[in-house]
Protein chains: 4
Amino acid sequence: MTKKDVAGETPPPRAKRLPRAVRERQILDAAVRVFSERGYHPASMDEVSEVAGISKPMIYAYLGSKEELFAACIQRETTRMMEAIGGVVDVNLDPEEQLWRGVLAFFTFVGENRDSWQVLHRQAGTQGAPFAAELAEGRRRAIALISVLLDRAASKEGVGAFAEGQTEPLAAALTGAGEALAEWWLEHPDESPKAMARRLMNLSWMGFGNLVDGKAWHPEKQPEKA
Amino acid sequence: MTKKDVAGETPPPRAKRLPRAVRERQILDAAVRVFSERGYHPASMDEVSEVAGISKPMIYAYLGSKEELFAACIQRETTRMMEAIGGVVDVNLDPEEQLWRGVLAFFTFVGENRDSWQVLHRQAGTQGAPFAAELAEGRRRAIALISVLLDRAASKEGVGAFAEGQTEPLAAALTGAGEALAEWWLEHPDESPKAMARRLMNLSWMGFGNLVDGKAWHPEKQPEKA
Amino acid sequence: MTKKDVAGETPPPRAKRLPRAVRERQILDAAVRVFSERGYHPASMDEVSEVAGISKPMIYAYLGSKEELFAACIQRETTRMMEAIGGVVDVNLDPEEQLWRGVLAFFTFVGENRDSWQVLHRQAGTQGAPFAAELAEGRRRAIALISVLLDRAASKEGVGAFAEGQTEPLAAALTGAGEALAEWWLEHPDESPKAMARRLMNLSWMGFGNLVDGKAWHPEKQPEKA
Amino acid sequence: MTKKDVAGETPPPRAKRLPRAVRERQILDAAVRVFSERGYHPASMDEVSEVAGISKPMIYAYLGSKEELFAACIQRETTRMMEAIGGVVDVNLDPEEQLWRGVLAFFTFVGENRDSWQVLHRQAGTQGAPFAAELAEGRRRAIALISVLLDRAASKEGVGAFAEGQTEPLAAALTGAGEALAEWWLEHPDESPKAMARRLMNLSWMGFGNLVDGKAWHPEKQPEKA
DNA sequence: TATGAATGAGGGTTCATTCAT
DNA sequence: TATGAATGAACCCTCATTCAT
């Protein structure tokens with residue numbers, strides 16, 4: 001941590017030649033950790049290289065500039081999260097059940113990957129920076145996924161799809177609610193992923209109108225899975 | 001837009017002497033604009049001073065450091081927004097109507113004060129920074145306001161208050177949904193505040209469960225106002 | 001102390017028109033205090049004006065730039081000190097007695113005017129700054145005074161004056177010893193001025209006592225090296 | 001000398017890559033020179049970097065902040081001087097001879113290392129600054145060394161040690177006399193180190209010579225006043 | 001390949017000094 | 001006369017980025 005460490009520690013032996021893929025993973029892991037702890041601007045390339053145990057020139061050689069490095073983080077983590085969520089969806093299931101599974105998968109992922117999630121969420125509002133493209137793209141993918149679920153649900157229940165242009169903003173709102181709950185979760189870490197997911201279902205599926213009538217949403221009404 | 005505009009412009013003449021209060025407002029106005037455009041870190045005091053049409057030393061003399069200046073922005077804008085929303089609440093009204101009014105007031109405010117809102121929203125996820133205290137405080141105030149409404153609604157409808165510890169996370173989720181919708185709105189500026197507010201009511205009051213049944217929320221069910 | 005004091009204090013009533021001499025004294029008093037506490041560079045004109053209770057433009061109008069203000073401090077305090085010391089000298093007295101009185105007067109002055117002395121001593125080594133002239137001049141005056149005493153003593157005791165060029169460096173050394181003792185005194189404030197003066201006499205007179213007898217120390221008495 | 005020399009000089013080519021230890025010495029050398037010429041506050045890191053022929057970031061990387069850099073200078077030069085003086089002391093020698101050697105070594109060092117000495121002496125009176133600790137420590141070391149010599153001398157001559165608490169202030173006075181003589185020397189550079197050392201011995205030893213014989217000076221021998 | 005060494009550029013902050021009332 | 005308001009000019013420090021070994 002200090003600039004001048006006591007001499008005598010075994011200096012990190014000149015890093016072995018490793019295949020490029022491994023190196024890139026090491027760097028990305030470190031970068032995700034640092035960016036998630038500090039945020040984009042306060043994070044320094046020095047710290048990334050320190051955490052990664054790899055010298056800065058290597059980082060530039062492999063992943064490019066700080067911006068590109070950050071974009072790569074966003075992309076990798078977005079993909080991981082989308083896969084975690086997408087993996088539980090099953091087209092044969094009831095839409096409500098699908099939404100529940102997706103929501104539960106989201107909170108499970110967040111619970112197990114705080115860094116991944118924070119690196120995405122912390123920069124949510126950023127615009128103008130060149131990596132905004134990556135952020136927007138990730139968000140779009142998430143919203144698209146949810147939109148599909150919602151539309152499918154609507155059509156199944158008989159009303160047909162939502163009116164033109166209604167699905168997307170609602171999906172965005174749902175995303176926002178999920179993020180806010182995840183943020184709240186950080187300060188209440190004792191809650192289980194399932195409890196968090198249930199809260200989001202209560203809001204999004206039942207609505208306050210039902211809640212104030214005492215009608216809450218319960219997973220037990222549904223066939224559960226792990 | 002660029003930091004250094006073409007040279008050759010006549011340098012701004014020594015700013016007229018204005019009373020301190022006026023200058024402080026000018027500075028805060030400029031700061032809100034710059035911070036909302038760039039975000040905290042990329043914003044430079046130079047740009048703030050340029051936009052304010054005043055030299056940097058005055059900013060430091062009146063508002064203190066960059067951090068303090070930013071905190072002052074957050075505080076002022078939070079207060080403005082809370083007053084705009086709190087001003088439409090009337091304890092004699094039906095809770096549903098109150099929520100509707102609050103939500104409508106939120107989107108109306110955001111529509112009319114993009115800068116104010118962005119300077120708050122852009123930094124939403126920031127933690128650890130010294131101004132995080134101000135941000136957290138503002139958020140807490142907002143959530144507290146909503147929580148009161150929800151609890152009042154619940155007790156009026158007969159169920160009594162929500163179970164202990166349920167109100168706050170739901171209020172946070174509602175806030176998040178509102179922010180996400182406001183963000184979406186930036187890319188769809190043709191929507192009216194009322195349309196946005198209706199979307200949030202549809203999600204939060206009705207829930208998807210009703211929506212997919214074709215039961216949507218309409219302000220017409222309620223006595224409207226302006 | 002703080003930039004923004006609570007309002008409500010009675011603001012210093014627009015300073016009454018005072019004769020120039022009074023104003024200058026107020027300013028110099030404040031300046032001596034501030035310079036002695038902080039040293040030349042760290043002292044700020046803002047603090048001087050605050051302590052003086054007079055606005056900065058007045059200071060510039062009356063005493064000129066920071067440098068000139070400091071020079072004025074040096075001059076005034078040097079003069080005060082020289083007068084305090086010179087006042088006890090009496091040509092009719094024994095030189096040893098004269099030296100004792102002078103030394104005692106020095107420590108008495110320092111004990112009663114810490115600020116005055118520090119503002120002089122703190123900058124002792126400064127060269128190159130424009131006020132160095134004032135500093136050097138003051139020092140020269142002090143050394144000259146002592147040199148006279150020493151030479152008079154020497155001639156009275158029979159040896160005639162010190163050899164050409166010997167008096168001045170010895171006077172300088174005596175001055176340095178006095179300053180160092182005064183510095184030491186700051187950390188041992190319980191000592192009386194008389195005790196301090198005696199210490200300096202022990203070192204200087206008992207030494208000089210032999211010198212004026214013609215008994216000088218010679219390295220030749222010792223096996224030399226180099 | 002001026003901060004900005006004539007333009008048009010070819011900019012210094014990227015400094016050759018040198019091992020860290022070498023660069024640190026270069027930087028310290030430059031810093032000592034600049035600090036001794038200007039004093040702590042007026043010295044700028046820019047000038048240090050210019051004189052060192054290296055860019056500012058390297059200075060910060062290797063030696064830390066301006067304060068730390070200055071402290072490092074003080075420490076290195078104090079150590080050099082103490083070693084130069086301490087190196088000539090020999091416990092088997094007569095104390096008087098030891099003092100003579102020490103004093104001569106002091107003036108020899110000062111004569112050969114004007115910068116080193118000035119960087120120490122110039123800041124002598126500084127208090128409160130964070131590097132004051134280093135300065136005080138150096139001075140303490142010097143005074144301690146002299147005190148030991150004096151006490152040893154006194155005990156050898158038969159009187160036993162000086163009365164409790166007398167040694168230190170006398171050692172301080174001797175130090176001050178030495179510094180003042182060295183300062184005077186700057187304006188009379190033709191003098192030899194030996195001549196300077198002899199002057200200090202005349203003042204100090206002939207004085208101490210009597211003191212250690214038990215012959216102290218007492219004001220009671222004189223008609224007192226006040 | 002891998003890295004210690006090196007820097008251009010810019011940001012936040014302060015201060016002596018002066019205008020305009 | 002007296003001052004609140006205003007600023008040009010530096011200064012310390014950091015960081016993303018690259019060179020030379």
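In what follows, every chain begins at residue 1, and chains take the letters A, B, ... in the order their sequences are listed.
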In whole angstrom, what separates [X]'s [atom1] from [N]'s [atom2]?
X	N	atom1	atom2	answer
A:Phe70	F:dA16	CZ	C1'	16 Å
D:Glu50	F:dC11	CD	C1'	14 Å
B:His41	E:dG10	NE2	P	18 Å
B:Glu68	E:dT13	CD	P	9 Å
D:Arg38	F:dC12	CZ	P	12 Å
A:Ile59	F:dC15	CD1	C1'	14 Å
D:Leu69	F:dC12	CG	C1'	12 Å
D:Ile27	F:dC13	CD1	C1'	15 Å

Neighbour count above 12 (heavy atom, 6.0 Å) for D:Arg33 CZ: no
Distance from [X] atom [atom1] to [Y] atom [atom2], nearest 0.5 Å?
X	Y	atom1	atom2	result
A:Tyr62	A:Gln26	OH	CD	9.5 Å
C:Gln75	C:Leu135	CD	CG	10.5 Å
A:Cys73	A:Glu134	SG	CD	11.0 Å

Stem segments of DNA chain F by first residue number [Watson-Crick or G-U, under 3.5 Å, at least 3]: E:2-21 with F:2-21
Flag for D:Glu77-D:Ser116: side-chain donor and acceptor within less than 3.5 Å: yes
Closest to side chain of A:Ile54, choosing from F:dT7, E:dA5, E:dT3: E:dT3
Closest nucleotide among E:dG11, F:dG8, E:dA16 to the B:Pro57 side chain: F:dG8
Indicate whether OP1 or OP2 belonging to [N] is found under 4.0 Å from a side-chain N or O atom of [X].
X	N	result
B:Tyr60	E:dT13	yes
A:Arg23	E:dT1	no
C:Tyr62	F:dT1	no

Nearest-nucleotide comparison on DNA chain E, the residue closer to the 5′ end among A:Ser55 and B:Asp46: A:Ser55
Residue mapping more 5' on DNA chain E - nearest nucleotide basis, C:Pro42 or D:Leu18: D:Leu18
Closest-nucleotide ordering on DNA chain F, the 5'-leading residue of D:Glu67 and C:Arg20: C:Arg20
5'-most by nearest nucleotide on DNA chain F - D:Met45 or C:Lys56: C:Lys56
Parallel, tilted or perpendicular: ring planes of A:Tyr40 versus A:Phe35, cut at 30 and 60 degrees: parallel
A:Lys66 side-chain N/O to A:Ala43 backbone N/O, donor-acceptor pair under 3.5 Å: yes
All salt bridge (Lys or Arg N to Asp or Glu O under 4.0 Å) counterparts of A:Arg76, not counting sequence neighbours: A:Asp29
Touch class at under 4.0 angstrom, heavy-atom based, for C:Met58 against every strand present: base
